[in-house]
Protein chains: 2
Amino acid sequence: MQKTSICPKYEFAAELLGKKWTGLLILVLLQGPLRFKDIKREIPDMSDRLITERLRELEEKGIVERSVFPEKPVRVQYQLTKKGKDLEPVINAIQHWAEAWVQ
Amino acid sequence: MQKTSICPKYEFAAELLGKKWTGLLILVLLQGPLRFKDIKREIPDMSDRLITERLRELEEKGIVERSVFPEKPVRVQYQLTKKGKDLEPVINAIQHWAEAWVQ
DNA sequence: TTCATGTACTTTCGAAAAGTAAGTAACTTT
DNA sequence: AAAGTTACTTACTTTTCGAAAGTACATGAA
């Protein structure tokens, strides 16, 4: 007997997008690689703690890749993997709906 | 100064889908009108409390409509409005991604 | 009449997640 | 030497969630 009778695979995605800030984080990363401070600038209401936490979760799930460049001030870059970039249609669909229905 | 520089309308959708169970609830309601007990059967891990809470939120946002039929044992039915049904492409996109990447 | 069953919730309460604020370490600029 | 930048951590408060039990109303059986 499975947890939900409708669509078990959906569970994973639901758990992913059903967390605060995750969708927005992926949305901004679709722009291209970003540094920690850039994410902060793009999502000012998201706390440092949650930015770190969500990025770690997405990294663990193979959606985001973290790279460290040992430059003058160390540079840490976050970018979407193929798996992450493939979420673009999802984000687009959400944006399309929002355009039609919000406000 | 806006909350996020990327897409303000996305905020609403993010707040909606970025809550636990909301996506799954919409997914099951895409089948057609369902009663409270049917939702429980479809999403057994979701508590009664959260089913009620999420349905009320979606009703308030104009995504779900609640109808009461005064039958023998009272029948309460929940169905998606046009606004709710228009979320189908979003759910489909998520399912498509899940098919490709989960497991 | 009392008991059991069914539907659709509501209430309570402890635990987990999120929000807020301040702190840290390494390095650079002034 | 003091102040600023970047990328986090840590500590603490508030909010949300989860599990379980309880409520209201009706039907039907014993």
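Each chain gets a letter, A, B and so on, in the order its sequence line appears, and its residues count up from 1.
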Apply salt bridge (charged side-chain N to carboxylate O under 4.0 Å, His left out) to the pair B:Glu57 and B:Lys19, showing each step before the final yes or no. CA-CA 11 Å; B:Glu57 288 166 9; B:Lys19 275 202 157 186; 3.4 Å; yes
Please tell me whether A:Ile39 and A:Phe69 are part of a single hydrophobic cluster in this structure, the criterion being side-chain heavy atoms less than 4.5 Å apart. no
Out of C:dA8, C:dA18, D:dT6, which has the shortest distance to the side chain of A:Arg35? D:dT6
Pairwise distance CD1(A:Ile94) to CG(B:Leu87) - rounded to 0.5 angstrom: 8.5 Å
To the nearest angstrom, the CD-C1' distance between A:Gln77 and D:dC8 comes to 17 Å
Nearest-0.5 Å distance that lies between atom CD1 in B:Ile63 and atom OH in B:Tyr78: 15.5 Å
Rounded (10°) bend between the five-pair end axes of the helix from C:dT1-D:dA30 to C:dT30-D:dA1: 20°
For B:Lys20, answer base if it contacts any base atom (sugar-phosphate contacts may also be present), sugar-phosphate if it contacts only those atoms, and nothing otherwise; contact means non-hydrogen atoms under 4.0 Å. sugar-phosphate
Output for pair (A:Glu65 CD, A:Lys83 NZ), nearest 0.5 Å, gives 13.5 Å
Could you give the CE-to-P distance, from A:Met46 to D:dA7, as a whole number of Å? 15 Å
Set out, line by line, the N/O atom pairs under 3.5 Å between protein and nucleotides 9-15 of chain C.
from  : atom 1 : to      : atom 2 : distance (Å)
C:dC9 : OP1    : B:Arg56 : NH2    : 3.4
C:dC9 : OP1    : B:Arg66 : NH2    : 2.5
C:dC9 : OP2    : B:Tyr78 : OH     : 2.4
C:dC9 : N4     : B:Asp48 : OD2    : 2.6

Any protein N or O atoms within reach of nucleotides 23-30 of chain D? Criterion: under 3.5 Å, listing atom names and distances.
none

Would A:Glu88 and A:Lys85 count as a salt bridge (charged side-chain N to carboxylate O under 4.0 Å, His left out) if you check the C-alpha gap in whole Å, the side-chain angles of each, and the deciding distance to 0.1 Å? CA-CA 6 Å; A:Glu88 186 157 16; A:Lys85 284 177 191 155; over 6 Å; no
Salt bridge between B:Asp38 and B:Arg41, side-chain N to carboxylate O under 4.0 Å? yes
